[in-house]
Amino acid sequence: MTVVHARSKGLTDRETHYCPGCTHGIVHRLVAEVLVEEGLLNEAIGCAAVGCSILSYNYLNVDMVESAHGRAPAVATGVKRVHPNKPVFTYQGDGDLASIGTAEIVHVAHRGEKITTIFVNNAIYGMTGGQMAPTTLPGQKVTTAPDGRDPAHAGLPLRVAEMIAQVPGAAYVERVSVHNPAAVRKAKKAIRNGFLCQMAGHGFSLIEVLSTCPTGWGLSPIESLKWLEDNMIPYYPLGVLRAPEEA
Amino acid sequence: MTVVHARSKGLTDRETHYCPGCTHGIVHRLVAEVLVEEGLLNEAIGCAAVGCSILSYNYLNVDMVESAHGRAPAVATGVKRVHPNKPVFTYQGDGDLASIGTAEIVHVAHRGEKITTIFVNNAIYGMTGGQMAPTTLPGQKVTTAPDGRDPAHAGLPLRVAEMIAQVPGAAYVERVSVHNPAAVRKAKKAIRNGFLCQMAGHGFSLIEVLSTCPTGWGLSPIESLKWLEDNMIPYYPLGVLRAPEEA
Amino acid sequence: MAELRGRVRIAADRCKGCGLCTIACPEEVLVIDHRTVNLKGYSPAVVAQPSGCLGCGNCALMCPDSVITVERFGKQRRAAHV
Amino acid sequence: MAELRGRVRIAADRCKGCGLCTIACPEEVLVIDHRTVNLKGYSPAVVAQPSGCLGCGNCALMCPDSVITVERFGKQRRAAHV
Amino acid sequence: MSKTLMKGNEALALAAIKGGCTHFFGYPITPQNEIPEFLAREFPKAGGVFLQAESELAAINMVYGAAAAGGRAMTSSSSPGIALMQEGMSSLAAAELPCVIVNAQRGGPGLGSIQPSQADYYQMTRGGGNGDYRILSLAPATVQEGAEMMMMAFDLAEIYRTPVFIVSDGMLGQMMEPVEFHDRPLRELPEKDWTVVGHGGVRPPNTVKTLALDPTVLEQRNLTLQAKYARIATLEARHESYRTEGAEIILSAYGSTARIVKNAIDLLAEEGIAVGLIRPQTLWPFPVAAFAELPDSCRMILTVEMSCGQMVDDVRLAVNGRLPVAFYGRSGGIIPVPEEIAMKVKTLLGRA
Amino acid sequence: MSKTLMKGNEALALAAIKGGCTHFFGYPITPQNEIPEFLAREFPKAGGVFLQAESELAAINMVYGAAAAGGRAMTSSSSPGIALMQEGMSSLAAAELPCVIVNAQRGGPGLGSIQPSQADYYQMTRGGGNGDYRILSLAPATVQEGAEMMMMAFDLAEIYRTPVFIVSDGMLGQMMEPVEFHDRPLRELPEKDWTVVGHGGVRPPNTVKTLALDPTVLEQRNLTLQAKYARIATLEARHESYRTEGAEIILSAYGSTARIVKNAIDLLAEEGIAVGLIRPQTLWPFPVAAFAELPDSCRMILTVEMSCGQMVDDVRLAVNGRLPVAFYGRSGGIIPVPEEIAMKVKTLLGRA
Amino acid sequence: MCNERILCAGFGGQGVMSLGQLLAYAGMIENKHVTWLPSYGPEMRGGTAYCNIVVSDSPVGSPIVTHNATCVIVMNLPSLLKFEQSVAPGGLLLLNSSLIDKAPDRQDIHSHAIPANDLATECGNGRAANMVMLGAYLAISKVVSPGSIALAFAKVFGSKAERLLDLNMAALHRGAEAVLQAEQAMAA
Amino acid sequence: MCNERILCAGFGGQGVMSLGQLLAYAGMIENKHVTWLPSYGPEMRGGTAYCNIVVSDSPVGSPIVTHNATCVIVMNLPSLLKFEQSVAPGGLLLLNSSLIDKAPDRQDIHSHAIPANDLATECGNGRAANMVMLGAYLAISKVVSPGSIALAFAKVFGSKAERLLDLNMAALHRGAEAVLQAEQAMAA
Ligand SMILES: Cc1ncc(C[n+]2csc(CCOP(=O)(O)OP(=O)(O)O)c2C)c(N)n1
Ligand SMILES: Cc1ncc(C[n+]2csc(CCOP(=O)(O)OP(=O)(O)O)c2C)c(N)n1
Ligand code: SF4
Ligand code: SF4
Ligand code: SF4
Ligand code: SF4
Ligand code: SF4
Ligand code: SF4
Ligand SMILES: [Mg+2]
Ligand SMILES: [Mg+2]
């Protein structure tokens, strides 16, 4: 008998505050598993960002520092420059990373900081109650665009992975999803690649994870997975956008 | 007899504070000429940015508002949303636009604001005395990288036009230079296209102008033009990076 | 009776009843038990068809709350269980 | 004497002596006059070879301080000037 | 009956529309989200522009641009978001641009909590940004007063060409109370001949700016600003007095806390202990004069705040050593209850 | 002879290295650029890390990260740049992270000018950010004192787990004076067992954070912070007295202005007019005690600043109504000359 | 003199917020001074939501009801555990016995167990349990009339109100009935 | 008692900053209290640069010399126009007559016209005009010795110092000579 799946040692015992079916929980687990499997758990330093995942320091079994909204990449830079050989990562939402923290994410890539960013894109501000994010899809109803996002007024959604991929200092960039088991397996592989890329000293790595926000979207958890698949993936195509030559 | 060239009505009579041979002066003139030639001078509203060009409101013969460092695109957004039919532009340096103002430039493009940005890239912070910019070339000596920019420490330079060009809301993006008369002619055409694109309502337009900073570079004005041609253009290729389909 | 290939356990008191595991399961082993409510106020997932479990781990892959443990049985063990 | 095709004027008191006009000129019409210093402390550009001017405007295109005026003469006028 | 029950945040949003606001720029943050959400829904119907900014920095600078272009612009945020706006606030004050900023204060410092607080008093009254400037700060205590002050704020902003704060907090923003809207009193507003709107070829270009490399020019601007601030201090300081006549102790509290203090005062009155309240309705200018005319009965001032005592400075400066100034406060998002305030008063009076 | 002539900015940079700084993160701004430029050149040789950040916001958050990871980190900026750091300052104070921030003040508000100023007094002493917090602020008046305070600053920051300001200005930063470096006095520093460095599998994870959704937890944190601030106020307030004995008027001034005031005092002494100076060397904590022991001869306090009078609040609070407090200031980047200060004193004394 | 301070708590989705708003609205309609204050923030997710209502003849100072409540209405067990202590001595505790099988500990207060979900289901919609509780409360306190609640209903529920009004008023009355029957039973 | 307050101005590139630094350094070497304060910022571009130096026997309060200067050294015409008024009555004004053909207006001060560029060129490098002016100033004020200036030179110019020292000391002496000759001529 083999235990195929058990709660990762990379997670603490605390129950999360996430809404039922929120895929933040899946992404947490993947990060935890990769850190354990790559032997990085003891050395890893995480930077939590402002968003629903701000309490991730309660759930991930690693040293973590909370960052002001949008500034996790700057905080991580400070950490990494003190500990150049330790695995440092940020865990950020789309409001945090793609809106207020745009300068910081572009410049952590620009400097080629050896840091891994886990970017959870759920096309909305979950934490604050469902406002529009730069990643909100056209027509998607959110509290600050109650008739749906109107591109004529608010523009078309930002494709962050594509944008970061063309910054010279970015070494590994991939977009993945967690809407079904196969996607989750790929997501884990991408997160692993991100950390390996960091530890190999190639530069900055960013894994954009398409994720759900059942509460903000006003859908059931199961409907949310479907909505992600049907609406987000067409606009945010999955795949590797940049990888180091030898990787 | 025809006057082929005379001081543009789009410029005031004030002498600039720019160093001898600084190509900010050329770019000012091009903006002025385009505004006059397209009949936009009377309606235009400019947003000056912090950098050597902060005093551009003294030289351009249009209503202008000074912006805090990096925030010109936000200021311009405020202006444009009050006057949706007037030509609104920002005039920004590379420290201003590519460093502290990264979030603002990405999001003015993201929203597809009908605004034209004149982005003067001289690969250095001129105003403050020659510090490193995100656009400083590898090996280029600046006061905060006295042995030359080291990509291992500070990353590789950011290519702003390329980055903005892939933001969906960006309608017209071109990189030009002013290192010789032919380049200046092309630069003027690009600036014209930017404003035309704005007035046609296509979205955001950005013209990156490779420019010199003889003082910061420690070169004569003439040597500076050559340095631009030999060093900047290879890293920052000239050309149209995005244009509206019908344009 | 078919041989037992896997076993799945759910920490019902920590389950949030989201149902993601139920649609992930290729064998419809898991269902939400709408008749019970745990201390947290949710109707948890329960193992409705234990014998169908392949031990594939899909359910655990999808569980946001990491409350699912999956075991898979080797050939030998499978026989023993029959 | 060749026909006069263009004429260039420089507002010497506002010239910063950067020399960009001098290298832009295809006919080497302009040079920096190192012997004089204007009120601003710069040695200005001067028209050294007026007859060579094509009226092409290149010098003015490159002048950061917009202190150059260029005129071009039509065929007729050119004749008149001869 | 024209009264409706509204959340404080929504009443502020509606009052902004009624107060002639034309442009809102803001970034989400609890506990003020009902303001942008209300405006996202209702503003377009009223011809206004609601735009979500990419950050508080962008929001305040959009306000700056819109105000420079002649719009009646506002933003709204909460404590850490207001901290991010400090460079912008300083610039708005320096460029003398009219606009309105709502701060729904929450527990601090840092991210703190999302519960009500009054710990941004310094940030708002002393100018958290650089240089010598002040922001006119209106501090309502009820949803009704909030609506009235908001309607007034845009006119005050234009009359003095200055940014104006609406000092709110999580409690005032989240609670519902009856509110009634009246027409905004018509005030004569100065002509806006300084805006950037395109010169039309008929006048020299306008410039809105804060840089002044020549120190004599900059000093002159500062003197002009200070003269304006002195004018505002004289004309706009407001306060409410409550049961101060014959009070042994006068409490000083503003906004949410003042409501609770009133309950405490009534409780104490039932026990025969006479205490009163001076409630600053403007934090800057601080109603100094109110503390000049204290009744002879008054032996002491007690400042009560949802902070660690930031208003104490202003109260002490107003009292200028004539009476002792004590302090009672809760922090971190805890709202005091009337009983604990009453107890503090009794302790001070030696009657606990 | 170990004296060298150094620019104030460079002396601060060198003193940072000698003070054990390990990491500098900053963004260019006049008039402090010599600090990053010196460090870009010299820090790597000393094993330190100099990194130019993309903005002041990034810089202060890099400092936050480096401090959380156990580095001895600093940044340096000038007025508008410091305004942009206010959210970060509040977070650093809340998370109790040791670090040092230099503010080379320039004229404001807004972009203002690049000339010397002292108009960020409020911003630095009241915390321009959100919530209840204070920053220990050291205010040197000479290049030598700046170097000494800078060396001390990193230890103070660690002893109290708090950010520390070095309050400078364009004049102190740009001028050269002789400076002599001595070994930094060895102080016992608390163990850093709270840093995020990887738990190594040997202890529970460390967390550095400022969020506390439970108000009782957040209130407790505030009480802890306030207790610390009270301790700092008791132990770290510093001032210099100059010719206060027998003074008819005592002037209060800090930093650059205090130097000029000393000249004015000497000028007046030559004319037989006895005036003295209390020079706060810490702005927060303000040296309140110094104003408790004023000589009987003293009839009045005159605060002199390169601002519109921001320190007056603290002087009045310290004096608490016992004496009148007058003010003389210049702003916008203008540095007063000794003669005008002497004239102001004479006017106040009716001897002009 | 009327000075009711009500705390109303339950899971998100049980309608405690709108229960409170109806009460406040009705109070306002009857020209009383009212406030309504919700709990807010991420704690609401899956956790306990609650609101405070004050209905008074004089202006309301503190809108907060964390202790000295004249009435606490709890819709589920965690709410009972959290808020039982908030009832003022002699005050009222109404608990939804459809979901709470625990009896209150306090002896110094008046408690009523109302099977709100069951009664609401009887009326045709289990989701109207909040109205049952409100009806019960009003039957005892009489702070506002059911008529005012009906008027308030349109305000709180907007366009959905008409369709739902009858059902909800039925639930309101059912709650009132239940508590009055119980009181009579006790009295008997 | 020594309390020299010097203001030194010229175009950027004329060496006014290093002139001032040499003076301050030499003063420090002679154990005097010294300060040096530059003008700074974008105004330097193409405009007039200047610095203030104080050399004193007692601690220096204000490092600023905008008026009451004991000596003003001007290297070009704009500097003369801007700073002539800064000389204290009875103070010293040294002007570089190679570039300034205007005579000073003030009668209440001691003025000397020194053709600094010409003299420097004579010494072998026109760029040492600043040293000529410094030599002239020291010959009159004697605030520090030329020897101290030589020591200071190494500090201010670092590695370049050795190569340049002889030339610059020659210029220093040439300046001193010039001003002494002029004084003798006047005295004669
Ligand atoms: C400076 C600042 N601005 C705003 C906020 C409010 N805020 C908290 S979380 C958040 C956004 C959350 O959205 P996202 O990053 O997409 O994370 P999610 O909750 O969706 O996972 C915002 C705006 C804040 N805490 N600080
Ligand atoms: C908030 C803030 N930070 C920093 C500065 C200082 N500063 C002024 S201009 C400038 C950069 C100028 O560089 P760039 O934008 O490239 O313009 P250039 O002068 O090269 O044309 C900086 C950092 C400032 N004024 N405000
Ligand atoms: S609000 Fe959205 S993102 Fe946040 S925990 Fe709930 S479902 Fe997840
Ligand atoms: S410093 Fe550079 S960019 Fe600025 S005016 Fe001089 S040459 Fe131009
Ligand atoms: S392990 Fe596979 S088969 Fe077994 S319950 Fe889980 S998903 Fe179904
Ligand atoms: S996925 Fe996990 S939390 Fe969701 S229902 Fe299944 S076991 Fe429960
Ligand atoms: S117009 Fe042409 S030919 Fe004439 S001077 Fe200018 S560049 Fe030379
Ligand atoms: S380009 Fe213009 S400023 Fe430069 S030398 Fe020629 S005329 Fe003078
Ligand atoms: Mg999100
Ligand atoms: Mg630049």
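This is a predicted model, so every value here is computed, not measured. Quick note on labels: first sequence line is chain A, next is B, and so on, each numbered from 1.
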Ranked by heavy-atom pairs below 4.5 Å to chain A, first place among A66(F), S91(F), A67(F) goes to A66(F)

Check: Under a 4.5 Å heavy-atom cutoff, which of V202(F), T195(F), T210(F) has the most pairs with chain A?
Finding: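 Highest number of pairs under 4.5 Å: T210(F).
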
Is a side-chain donor-acceptor pair under 3.5 Å present for [Y] with [X]?
| X | Y | result |
| --- | --- | --- |
| T12(A) | N61(A) | no |
| E174(A) | Y172(A) | yes |
| Q32(F) | N9(F) | no |
| S211(A) | T23(A) | yes |

Contact origin within [X] toward chain A - heavy atom pairs under 4.5 Å:
| X | answer |
| --- | --- |
| V63(F) | neither |
| A68(F) | side chain |
| H199(F) | both |
| V197(F) | both |
| I60(F) | neither |
| T207(F) | both |

Does R126(F) qualify as a cation-pi partner of W284(F), given the criterion of NZ or CZ under 6.0 Å from the six-membered ring centre and within 45 degrees of its axis?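 Judged by the rule (NZ or CZ under 6.0 Å from the ring centre, within 45° of its axis), R126(F) is not positioned above W284(F).
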
* Asked: So which of V79(A), L55(A), V106(A) has the largest heavy-atom pair count under 4.5 angstrom toward chain F?
  ->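 Top count of heavy-atom pairs under 4.5 Å with chain F: V79(A).
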
Which of H83(A), K86(A), H110(A) touches chain F most, by non-hydrogen pairs under 4.5 Å: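 Max contact count across the listed options: H83(A).
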
Would [X] and [Y] pass as an ion pair if we require N to O under 4.0 Å?
| X | Y | value |
| --- | --- | --- |
| E66(A) | K209(F) | no |
| R221(F) | D214(F) | no |
| E162(A) | R175(A) | yes |

Please classify the contact of L40(A) with chain F as side chain, backbone, both or neither, using a heavy-atom distance under 4.5 Å.
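Neither the backbone nor the side chain of L40(A) comes within 4.5 Å of chain F.
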
